[in-house]
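Inspection log for the structure reproduced underneath, given as structure tokens.
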There are 2 protein chains.
Amino acid sequence: MGGDFGPRCIIPAIARCLSTHPGLKVILVGSSESMHEQVTHYPLPQDRIRWVPATEIILADDSPASVLRHKRDASMRVAIEQVRDGVADGCLSAGNTGALMVLARSILGTLEGIERPAIMAALPVSGKACHVLDMGANVDCSATQLFEFAVMASETVRETTGLARPRVGLLNIGREVHKGGKVVRDVSDMLRRCPALNYVGHIEGDGLFRDEADVVVCDGFVGNVVLKASEGLALYLQSELKQALAANRWLRLMSPLLRSALKPFGERHDPARYNGASLLGLNGVVVKSHGAANQLAFETAIERAMIACRAGLPKRIAHKLAECRLQL
Amino acid sequence: MGGDFGPRCIIPAIARCLSTHPGLKVILVGSSESMHEQVTHYPLPQDRIRWVPATEIILADDSPASVLRHKRDASMRVAIEQVRDGVADGCLSAGNTGALMVLARSILGTLEGIERPAIMAALPVSGKACHVLDMGANVDCSATQLFEFAVMASETVRETTGLARPRVGLLNIGREVHKGGKVVRDVSDMLRRCPALNYVGHIEGDGLFRDEADVVVCDGFVGNVVLKASEGLALYLQSELKQALAANRWLRLMSPLLRSALKPFGERHDPARYNGASLLGLNGVVVKSHGAANQLAFETAIERAMIACRAGLPKRIAHKLAECRLQL
């Protein structure tokens with residue numbers, strides 16, 4: 001159990017999810033001291049919760065290669081092993097993303113026919129989610145990999161949000177067919193030949209915020225940079241706006257009114273409501289929470305993992321991929 | 001003379017720049033009808049202005065390859081030829097970026113030792129400019145090319161903004177040395193070995209908006225996507241905030257107060273004050289204005305071109321590059 005705030009955020013989130021989802025059972029993996037302290041404050045139903053101790057933790061700067069060889073009793077590893085052994089349906093972690101991907105690949109394995117798993121996150125746009133992948137697991141991608149990402153994401157969004165035909169776009173530096181490098185042009189051809197996908201063509205950077213697609217595919221370098229730049233810009237603008245408003249004494253007096261007027265805007269774009277990146281392409285459900293997740297964010301991520309487990313997402317993805325391959 | 005608003009924006013901007021910069025002379029290239037209409041409203045000093053007619057225009061969707069072969073009398077081509085022939089010191093265009101780069105490369109040629117020219121634009125951050133390149137001229141880049149971009153941009157920022165040692169960062173998906181693909185790791189090594197540059201290491205997407213560097217280097221795919229995503233997100237948030245405030249009738253009444261309180265924020269981030277992308281690495285000064293530039297934006301771009309011409313930027317870049325190469 002990791003994340004910047006650890007069990008004092010996770011335990012209340014679990015308590016709430018257990019009360020709202022009667023079918024949910026939770027396995028907590030970690031050091032028992034840190035957990036027990038919180039559990040005295042939040043009584044959890046003992047028949048729906050299980051403790052699995054783990055003595056080691058993976059740190060934010062542990063390299064993915066080193067966690068494969070060392071730290072055999074790390075909570076992250078033990079949690080993924082619960083999925084491999086059929087004890088858990090899915091795994092949620094707020095720890096080191098690179099380590100989570102490497103351990104999940106090594107312990108669960110990738111789905112048959114998948115070259116590389118990918119990480120999908122959501123940007124809040126116009127009250128909906130724009131799902132972007134890959135978010136950093138794969139720096140360079142082949143056309144086949146990007147095609148697989150599109151299929152995996154389309155199926156995930158269909159199964160978990162109820163959208164019947166998610167719009168799939170390909171991130172590019174222009175809308176025209178001739179734009180972009182060879183890989184982008186090749187995957188664009190593949191996507192166009194596949195009627196099982198609702199491919200809407202190229203999406204430019206600004207298109208991400210114009211609700212042009214439900215799924216946007218790109219390599220992990222671009223996806224990671226764009227997601228972090230968007231988070232960074234939103235925080236920067238928020239801080240600059242606050243300063244500008246605070247500099248005016250009339251507006252300082254009216255700040256309760258402003259706060260209440262902006263509450264719906266804040267809720268529509270609250271990162272906590274979009275927390276939980278999906279690791280797609282694995283033989284099992286693995287969800288990554290933001291490290292700085294608060295209680296609401298953890299609840300969102302737990303629910304995302306639950307929905308993916310209920311849908312039997314890995315099998316659905318494998319099935320969809322086989323169908324799409326036949327259309328190429 | 002292009003851009004979405006054409007001469008009715010450009011002519012007033014030129015009139016103002018001519019009055020504030022006594023040393024400036026302007027050569028206008030385009031169809032005489034469109035220009036003459038505006039000039040009756042804005043009398044320009046006839047001894048500091050010259051007309052060069054051109055009968056064709058390059059459209060937004062003309063492919064770069066086709067403009068090289070056809071449209072020999074396009075205003076963009078004729079304007080660049082003025083620089084080649086020594087009649088003009090620099091060229092400013094608000095037209096098709098791809099066409100401008102292709103024509104400029106073909107007519108002016110690249111500086112000796114430069115593999116590929118690049119386009120550099122500025123993001124407004126904390127009242128300063130964060131210069132990013134490449135913005136889309138080069139989809140895939142080698143480590144040598146990215147190194148050249150860093151040198152060209154560092155020298156341009158030094159010569160045109162007065163910063164003695166611009167901080168140069170490399171866009172990446174993590175701050176750690178082992179992060180990113182081979183190209184990023186290679187160029188990072190090259191930059192670290194070069195004391196003539198003030199290299200500050202890797203910059204993540206959110207670092208763009210934390211004033212971590214004055215110059216941020218990336219390939220043209222990433223740069224283009226990040227710039228457009230930032231523009232798109234800023235516009236999206238502006239529109240959502242306006243709607244949220246307009247939905248509250250008390251705040252609607254106070255909108256003059258809000259507008260005045262937010263004026264300094266708006267001015268600090270007005271894209272017009274950061275207009276003018278520099279095409280670097282050419283045997284001549286070429287500046288690209290945003291297509292949707294207003295009068296203030298054109299004035300900014302004209303001044304950017306003037307400063308680059310006065311600094312003799314192409315020669316400075318060539319000199320700096322030779323110096324940096326010796327340090328590798």
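A quick note: this is a predicted structure, and the numbers were derived from the prediction, not measured. Letters go in sequence order (proteins before strands), and every chain restarts at 1.
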Measuring from [X]:[atom1] to [Y]:[atom2], what's the distance to the nearest 0.5 Å?
X	Y	atom1	atom2	value
A:Leu262	B:Leu241	CG	CG	6.0 Å
A:Leu237	B:Leu233	CG	CG	7.0 Å
B:Ile173	A:Leu227	CD1	CG	12.5 Å

Any idea which heavy atoms bring [X] and [Y] closest together, and the distance?
X	Y	answer
A:Leu251	B:Ala261	CD1-CB, 3.0 Å
B:Phe221	A:Leu171	CZ-O, 3.3 Å
A:Val226	B:Ala229	CG1-CB, 4.4 Å

Taking side chain as everything from C-beta outward and backbone as N, CA, C, O, which of these in [X] sits under 4.5 Å from a heavy atom of chain A? Side chain, backbone, both or neither.
X	answer
B:Asn248	side chain
B:Val139	side chain
B:Val184	side chain
B:Met254	side chain

Mind ranking A:Arg210, A:Arg268, A:Lys263 by heavy-atom pairs under 4.5 Å with chain B and telling me who comes out on top? A:Arg268
Contact check, side chains of [X] and [Y], non-hydrogen atoms, under 4.5 Å:
X	Y	value
B:Asn172	A:Asn224	no
A:Leu258	B:Leu258	yes
B:Phe209	A:Leu235	no

Picking from B:Ser63, B:Gly174, B:Gly205, which has the most non-hydrogen pairs under 4.5 angstrom with chain A? B:Gly205
In terms of heavy-atom pairs under 4.5 Å with chain A, which of B:Val183, B:Val125, B:Asp140 leads? B:Val125
Can you tell me which portion of A:Glu240 sits under 4.5 Å from chain B's heavy atoms? Options are side chain, backbone, both or neither. both
Can any side-chain N or O of A:Tyr236 pair as donor or acceptor with the backbone N or O of B:Ser126 at less than 3.5 Å? yes
